Number of protein chains: 2
Amino acid sequence: MKIGELAKRLDISTDTLRYYEKHGLLSFSERNESGYRIYSPKHEKQMQFILRAKTVGFSLKEIQELLAIKVEKQQHSCGEVKQLTLQKRQIVRDKIAELQRFEKSLSLLADACCGGPELATGCSILTTLEAADDIVI
Amino acid sequence: MKIGELAKRLDISTDTLRYYEKHGLLSFSERNESGYRIYSPKHEKQMQFILRAKTVGFSLKEIQELLAIKVEKQQHSCGEVKQLTLQKRQIVRDKIAELQRFEKSLSLLADACCGGPELATGCSILTTLEAADDIVI
DNA sequence: GTTGACCTTTGAGTTTACTCAAAGGTTTAT
DNA sequence: ATAAACCTTTGAGTAAACTCAAAGGTCAAC
Ligand SMILES: [Zn+2]
Ligand SMILES: [Zn+2]
Ligand SMILES: [Zn+2]
Ligand SMILES: [Zn+2]
């Protein structure tokens with residue numbers, strides 16, 4: 001299978017496949033006489049792992065760590081894998097918490113503003129952001 | 001007030017102040033005979049607006065729009081300001097939703113893994129990410 | 001036998017918000 | 001007078017994950 005076909009099957013671009021190879025995520029493939037990459041089902045499986053890991057929120061760097069464990073399963077423990085997963089979850093939770101603070105502040109701002117066609121001179125959103133005391137957060 | 005003093009008062013770096021000026025967020029200041037930037041309380045107020053807007057989640061680009069409205073309040077309506085705020089809130093909500101999907105998937109993965117010192121050969125996290133059918137999401 | 005759809009590589013651009021370095025001019029303190 | 005602590009500009013680097021362009025080789029079809 002050449003790169004175009006694999007890309008179509010995975011619904012990603014050929015650029016992405018070359019990018020993953022270059023960055024150590026996708027194993028090198030064989031090349032035919034013309035230098036074209038020739039992929040096997042093993043490569044497709046590996047890509048599915050990568051894409052599934054992305055789906056659950058892992059970054060490419062984190063996926064690299066998972067892959068490193070995966071190819072040397074004998075050298076690693078369940079605990080290591082779980083730790084990576086829990087670490088990631090904590091990062092995600094922290095981001096959620098920050099965004100929820102944003103959401104709350106923005107809601108407070110929006111609720112206090114009439115949103116009408118009046119001039120923005122007295123807009124409570126602007127005046128709140130100007131205000132010296134932090135009402136917002 | 002020179003740049004170092006303003007930076008200290010705002011607890012940001014002088015680089016950041018120059019960066020904001022260069023990118024159209026902070027108004028140009030006067031310069032003294034030596035070419036040093038000299039800031040007035042007006043500039044400090046403006047920076048406080050910017051920093052407060054950042055605190056509630058606005059990006060620098062969005063803050064530019066807010067500032068554009070703010071300096072020409074007569075030309076703009078409350079509705080415009082509220083719309084920017086609601087737009088931002090929607091972006092934030094979408095991001096939260098995505099992260100919550102991540103959080104759920106990661107929790108499912110973590111809960112299914114024993115996390116012990118066993119070899120990772122049978123780790124359910126790895127096998128789930130390998131699996132052909134999408135149990136995860 | 002040439003068009004068009006593939007494939008190759010290298011290198012640069014995108015986004016966001018800074019951060020740092022280099023090379024130099026100015027002010028303040030001793 | 002000289003060292004330390006400021007200030008200036010320009011330009012480059014960072015993270016993350018691609019994405020695109022240029023310039024060219026390969027292959028199948030008509
Ligand atoms: Zn109003
Ligand atoms: Zn308003
Ligand atoms: Zn286990
Ligand atoms: Zn496990």
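Just so you know, these numbers come straight off a predicted model, no measurement behind them. We name chains A, B, ... by the order of the sequence lines, and we start the count at 1 in each one.
- When each of Glu5(A) and Tyr20(B) is assigned the nucleotide of DNA chain C bearing its nearest heavy atom, the one mapping closer to the 5' terminus is Glu5(A).
- Using modelled atom types, one finds a donor on one side chain and an acceptor on the other under 3.5 Å when comparing Ser13(A) with Thr16(A).
- Between the side chain of Lys82(B) and the main chain of Cys113(A), a donor-acceptor pair closer than 3.5 Å is present.
- Figure legend: cation-pi geometry between Lys70(A) and Phe49(A), with NZ or CZ positioned under 6.0 Å from the six-membered ring centre and within 45° of its axis.
- Across the protein-nucleic acid pair, Lys22(B) atom NZ and dT16(C) atom P stand 16 Å apart, rounded to whole Å.
- In this structure, Leu26(A) places its CG atom 15 Å from C1' of dC18(D), rounding to the nearest Å.
- Between Val56(A) and Leu106(B) the shortest heavy-atom distance is O-CG, 3.6 Å.
- Between the CG atom of Leu17(A) and the P atom of dT19(D) there is a distance of 12 Å, given to the nearest Å.
- Counting only heavy atoms from C-beta on, Ile3(A) has its side chain closest to dT8(C) among dC20(C), dT8(C), dT8(D).
- Listed pair Lys54(A) / dC18(D) meets the phosphate criterion, a side-chain N or O lying under 4.0 Å from OP1 or OP2.
- Salt bridge annotation for Arg89(A)-Glu62(A): absent, with no cationic side-chain nitrogen under 4.0 angstrom from a carboxylate oxygen.
- At the heavy-atom level, Arg37(B) lies under 4.0 Å from the strands shown only through sugar-phosphate atoms.
- Computed from coordinates, the Leu10(B) CG to dC18(C) C1' distance equals 16 Å when rounded to whole Å.
- Look at Arg18(A) and you won't find any side-chain N or O under 4.0 angstrom from OP1 or OP2 of dA17(D).
- As a whole-Å value, the separation of Ile38(B) CD1 from dT8(D) C1' is 13 Å.
- Each of Tyr36(A) and Ser13(A) was assigned the nucleotide of DNA chain D with the nearest heavy atom; the assignment lying further toward the 5' end belongs to Ser13(A).
- Listed pair Ser34(B) / dT8(D) fails the phosphate criterion, with no side-chain N or O lying under 4.0 Å from OP1 or OP2.
- One atom, CZ of Arg31(B), and another, C1' of dT8(D), lie 8 Å apart when rounded to the nearest Å.
- With rounding to whole Å, Lys61(B) atom NZ is found 10 Å from dT15(C) atom C1'.
- Each of Ser59(B) and Lys2(B) has a nearest nucleotide on DNA chain C; the 5'-most of these lies closest to Ser59(B).
- Residue Ile63(A) contributes atom CD1, which lies 9 Å from atom P of dC18(D) at whole-angstrom precision.
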